[in-house]
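Side chains are part of it too, since the values below use all heavy atoms of this structure and drop only hydrogens, waters and symmetry mates. Note that ligands are numbered from 1 as they come in the structure, with each ligand's atoms numbered from 1 the same way.
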Amino acid sequence: MPAAVTFRNVSRHFGAVRAVDDVTVEIAEGEFFAMLGPSGSGKTTCLRLVAGFEQPTAGEIAVFGQNMAGVPPYRRPVNTVFQDYALFPHLNVRDNVAYGLMIAGRGRAERHRAAEAALELVQLPGYGDRKPGQLSGGQRQRVALARALVLEPRVLLLDEPLGALDLKLREQMQEELKALQRKLGITFVFVTHDQGEALSMADRVAVFNQGRIAQVGAPSDVYDRPATPFVADFVGSSNVLPPEVTGRLAGRRLPASLRPELVRILPPGAAGSLATARVISTQFHGAVTRVHLSMDGLDLAALLPRGARVPEEGAAVGLSWDPDDLHLMDGT
Ligand code: ATP
């Protein structure tokens, strides 16, 4: 059974810019795969390479085992949902959704039937006669999704599809998208720079840094066992301890990641204290309080759950953590 999408040593350079630099990864059929990384790290270029809007400078892309070199976008079993939706303002919702079927030469009755079914799928039944301008942002996003799904792609490419939505709607659409993907069983390749979104939706996450994949794994792997300081910092904020500090605390001179929610704050000199620190500031965030600490000049963060005693700013405190929670990183 070939992978849904295979990148084999794929690079895409623009002059001196290595937008994508020797990427090798396999995305399984039916997988919800997130490409996560900061702006400019090469995620969108990877998606465009799969869609056929870009050609690799080196390497090979295959979809279901078929090498895509020389295959034009409209002949690939993939479809793309863009961040800006790219709906036609003068066409109504039904004709927007049915557009790809019209290009494919399908008859009017079939187009309308398929468009109505796709609108039903994205929970917009009965909206066919409206123009995009008469819809909310979330509804437009759903129309863009319906338009991509109506062609029944085996792989759906989504480029920051929720980027334009406010937080509440974004969270709602995250759940809906995930449920839809499960229901349809098709492969989703989802580009985002929002780590919360990637962790909560994806089966696996590839973390991009400067055109390369720094780590690929299940959300809990990437979060709990980051391979490099970059991944530790980008995927949820983490305390990154330099090798000399880890050497002192854990006996191995390697950078280490320590998640703020795993740091415990104790009274100074309390039994079980592994280090001492000073409280620089505290910030109330509702569900948690963030404590900014200085440990021998090294900035650290701790997150206290609701109800925990919050130390005074300026106070000396003891720190502890479970030794297993100090995650040593041997990647670079
Ligand atoms: P964002 O989240 O901002 O969309 P991204 O991770 O998707 O970022 P890409 O859009 O893939 O990043 O861009 C990767 C790098 O390649 C960037 O430095 C970008 O400026 C460069 N780049 C992308 N397309 C082109 C192009 N057509 N010509 C020249 N440089 C390009």
Requested in this report: For a side-chain contact (heavy atoms from CB on, under 4.5 Å) with L124, tell me which candidate from V143, V97, V93 qualifies.
Outcome: V143
Report task. Could you tell me whether the side chain of L274 reaches within less than 4.5 Å of the side chain of P323, counting heavy atoms only? Result -> no
Report task. May I have all residue pairs that pass ring pair (Phe, Tyr, Trp, His ring centres under 6.0 Å) and include part of residues 246-304, sequence neighbours excluded? Result -> none
**Report entry** Residue of the set L158, L47, L157 for which side-chain contact (heavy atoms from CB on, under 4.5 Å) holds with V191
**Finding:** L47
Query raised in the report: What residues form a salt bridge (charged side-chain N to carboxylate O under 4.0 Å, His left out) with D21, not counting sequence neighbours?
Result: R18, R212
Query raised in the report: Under a 4.0 Å heavy-atom cut-off, which residues neighbour ligand 1?
Result: F14, V17, A19, P38, S39, G40, S41, G42, K43, T44, T45
Requested in this report: Applying salt bridge (charged side-chain N to carboxylate O under 4.0 Å, His left out), name anything that partners E29, two or more places apart in sequence or on another chain.
Outcome: R154
